[in-house]
Amino acid sequence: MNTQLLQTINELSSPTSYNRVYHEPNHGMPMPSTETMKEIVALLREIIFPGYFGVDSLDEEIIHYHTGVNVEKLYEILSEQVKRGLCFDCKMPAPTKSHCAQCEIKAQKIATAFIQELPEIRRILSTDIQAAYNGDPAAHSIGEIIFCYPTVKVLLNYRVAHALVKLNVPLLPRIISELAHSETGIDIHPEAQIGEYFCIDHGTGVVIGATSIIGNHVQIYQGVTLGAKSFPLDENGNPIKGVARHPIVEDNVIIYANATILGRITIGEGAIIGGNMWITNDVAKGEKVSQSHGI
């Protein structure tokens with residue numbers, strides 16, 4: 001190896017170079033695996049939408065067996081990834097063996113609680129699918145929506161990630177949401193609250209921030225942003241965490257393409273926001289906002 005390469009290796013291996021980007025594994029536990037998280041999402045698609053993903057042919061006589069096999073596999077690999085997430089987030093510098101054993105038990109309990117939520121996740125996703133079908137005259141069938149539409153892919157990941165957020169699982173929800181983001185171009189923070197019958201038509205470029213609250217029967221189009229107008233800062237100039245800074249969108253709202261809605265404002269029930277609008281103030285119930293009537 002030549003001198004120049006050796007010098008570069010020495011520089012890269014110096015703590016002064018890597019100390020701000022280095023992760024020392026807590027308790028010897030590796031980071032959660034992105035590849036395994038992809039496997040988990042694939043398993044969830046098989047479980048929630050039997051017959052569409054996974055095995056080539058699945059009839060009703062073997063659904064119970066096939067679901068059982070997949071749920072058991074999901075439990076095993078999800079428990080391990082949850083444990084890794086808990087260790088990543090652990091603040092104890094040198095926990096005891098008993099503490100680490102408790103983390104393993106906690107991860108198994110979380111995996112069980114999450115799996116118990118799957119029937120409800122399926123139910124809510126079925127409302128999202130129906131909304132997508134009702135809102136798109138080009139859709140030929142429910143099956144086409146499930147198998148092809150990006151709104152289903154991203155909402156499955158979001159609904160799963162949000163369920164993990166509610167179980168206080170660190171890191172994994174963001175990994176799951178970013179997998180969908182990279183696949184669809186739709187960025188939904190897993191902490192956002194989204195009601196039933198939600199549809200994202202086309203979808204590319206949609207951004208939904210962490211403290212957004214979206215009601216039932218809401219439809220949004222490509223390029224829509226539900227974002228923050230500003231970030232309150234602490235005395236050191238750092239953003240204050242946990243402040244509600246994204247919009248509230250009430251029931252039966254339609255937001256057309258490339259509209260930007262910023263700040264903790266409310267879009268009233270039944271309002272319609274036209275394309276390319278920039279909204280930073282409340283919109284009244286039933287109001288229609290277009291280029292000729294902006295806010």
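- Note on residues 157-185: pairs passing salt bridge (charged side-chain N to carboxylate O under 4.0 Å, His left out), not counting sequence neighbours, are R45-E183, D128-R159, K153-E183, R174-E178.
- Residues forming a salt bridge (charged side-chain N to carboxylate O under 4.0 Å, His left out) with E269 (at least two apart in sequence, or on another chain): none.
- In this structure E11 satisfies the salt bridge (charged side-chain N to carboxylate O under 4.0 Å, His left out) test with no other residue, sequence neighbours excluded.
- Distance alone, capped at 3.5 Å, is enough to place a donor-acceptor pair between the T184 side chain and the I186 backbone.
- The hydrophobic clustering, which links ILVMFWY residues whose side-chain heavy atoms are closer than 4.5 Å, places Y75 and L118 together.
- With contacts defined as side-chain heavy-atom distances shorter than 4.5 Å, the pair L74/L44 qualifies.
- The shortest side-chain heavy-atom distance between T34 and L179 falls under the 4.5 Å cut-off.
- Residue pairs meeting the salt bridge (charged side-chain N to carboxylate O under 4.0 Å, His left out) criterion with at least one partner in residues 110-120, sequence neighbours excluded, are E120-R123.
- Between atom NZ of residue K73 and atom CG of residue L78 there is a gap of 13.0 Å, rounded to the nearest 0.5 Å.
- Looking at I200 and V154, their side chains come closer than 4.5 Å, going by heavy atoms from C-beta outward.
- With hydrogens and angles ignored, the 3.5 Å screen pairs no side-chain donor or acceptor of N216 with any backbone N or O of G195.
- Between the CG atom of L155 and the SG atom of C199 there is a distance of 8.5 Å, given to the nearest 0.5 Å.
- With hydrogens and angles disregarded, no donor-acceptor distance shorter than 3.5 Å links the side chain of S13 to the backbone of N10.
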**Prompt:** Could you go step by step and tell me if I121 and I48 meet the side chain to side chain contact (heavy atoms under 4.5 Å, CB included) rule?
**Reply:** CA-CA 8 Å; I121 291 173; I48 292 173; 4.0 Å; yes
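- In this view, H246 and T211 satisfy the side-chain hydrogen bond (donor to acceptor under 3.5 Å, both in side chains) rule, not counting sequence neighbours.
- In this structure, the separation between SG on C87 and CG on L171 is 12.0 Å, given to the nearest 0.5 Å.
- Grouped with V207 in a hydrophobic cluster is no other residue, since no side-chain heavy-atom contact under 4.5 Å to another Ile, Leu, Val, Met, Phe, Trp or Tyr is found.
- With hydrogens and angles disregarded, a donor-acceptor distance shorter than 3.5 Å links the side chain of T8 to the backbone of Q4.
- Contact annotation: the side chain of N276 never approaches that of T260 to less than 4.5 Å [non-hydrogen atoms, C-beta and beyond].
- Within the structure, ring-ring contact (aromatic ring centres under 6.0 Å, His included) contacts touching residues 116-149 (residues at least two apart or in different chains) are F53-F147.
- Rounding to the nearest 0.5 angstrom, the gap separating the CD1 atom in I110 from the SG atom in C103 is 9.0 Å.
- Within the structure, every pair that satisfies the ring-ring contact (aromatic ring centres under 6.0 Å, His included) test and touches residues 188-220, not counting sequence neighbours, is listed here: Y197-H217.
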**Message:** Using side chain to side chain contact (heavy atoms under 4.5 Å, CB included), reason through F114 and L164 one step at a time and then give a plain yes or no.
**Reply:** CA-CA 7 Å; F114 169 77; L164 291 171; 3.7 Å; yes
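- Applying the salt bridge (charged side-chain N to carboxylate O under 4.0 Å, His left out) rule to pairs touching residues 247-268 yields nothing, sequence neighbours excluded.
- M29 and L172 fall into different hydrophobic clusters, where Ile, Leu, Val, Met, Phe, Trp and Tyr are joined by side-chain heavy atoms under 4.5 Å apart, directly or via other members.
- Here the closest heavy-atom approach between residue I208 and residue A192 is recorded as CG2-CB, 4.0 Å.
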**Request:** Take N157 and V41 through the test side chain to side chain contact (heavy atoms under 4.5 Å, CB included) and record every step on the way to the result.
**Result:** CA-CA 7 Å; N157 283 44; V41 171; 3.5 Å; yes
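- When all heavy atoms are compared, the tightest approach of G268 to V253 is O-CG2, 3.3 Å.
- We find the CG-CD1 distance between D234 and I240 to be 6.0 Å, quoted to the nearest 0.5 Å.
- Looking only at distances, no side-chain donor or acceptor of N236 sits under 3.5 Å from a matching main-chain atom of N238.
- Closest non-hydrogen pair, I265 versus L262, comes out as CD1-O, 3.7 Å.
- A pairwise comparison of heavy atoms in G274 and A259 identifies O-CB, 3.8 Å as the closest pair.
- H162 and Q193 share no donor-acceptor pair across their side chains, judged by distance under 3.5 Å alone.
- When all heavy atoms of I175 and P32 are compared, the pair lying nearest together is CD1-CB, 4.0 Å.
- A chain of hydrophobic side-chain contacts below 4.5 Å, direct or via other Ile, Leu, Val, Met, Phe, Trp or Tyr residues, connects I129 to Y52.
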Extract all donor-acceptor atom pairs below 3.5 Å that involve side chains of residues 219-229 and protein atoms in other chains or at least two apart in sequence.
| unit_1 | atom_1 | unit_2 | atom_2 | d |
| --- | --- | --- | --- | --- |
| Q219 | NE2 | Y221 | OH | 3.4 |

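- Summarising the geometry of A284 relative to A271, their closest heavy-atom pair is O-CB, 3.9 Å, with the distance given to 0.1 Å.
- K38 is linked by a salt bridge (charged side-chain N to carboxylate O under 4.0 Å, His left out) to E35, counting only residues two or more places apart in sequence or in another chain.
- Looking at heavy atoms from C-beta onward, N281 lies out of side-chain contact with I279 at the 4.5 angstrom threshold.
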**Item:** From CA spacing to verdict: side chain to side chain contact (heavy atoms under 4.5 Å, CB included), V218, N252
**Value:** CA-CA 5 Å; V218 171; N252 300 301; over 6 Å; no
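- The side-chain heavy atoms of L6 and N2, taken from C-beta on, include no pair separated by under 4.5 Å.
- Side-chain N or O atoms of N70 include none that pairs as donor or acceptor with a backbone N or O of I47 at under 3.5 Å.
- Using a 4.5 Å cut-off between side-chain heavy atoms of Ile, Leu, Val, Met, Phe, Trp and Tyr, with links allowed through other members, M277 and Y256 fall into different hydrophobic clusters.
- To the nearest 0.5 angstrom, K109 atom NZ is 10.5 Å from K106 atom NZ.
- Counting heavy atoms from C-beta outward, L125 and I146 have side chains that stay 4.5 Å or more apart.
- Side-chain N or O atoms of D89 include none that pairs as donor or acceptor with a backbone N or O of G85 at under 3.5 Å.
- Residues passing the side-chain hydrogen bond (donor to acceptor under 3.5 Å, both in side chains) test with T36, sequence neighbours excluded: S33.
- Residues E104 and Q108 are in side-chain contact: their nearest non-hydrogen atoms beyond the backbone lie under 4.5 Å apart.
- In this structure, I124 is not a member of the same hydrophobic cluster as I176, with clusters built from ILVMFWY side-chain heavy atoms closer than 4.5 Å.
- With R245 contributing its side chain and G263 its backbone, the two residues share no donor-acceptor pair below 3.5 Å.
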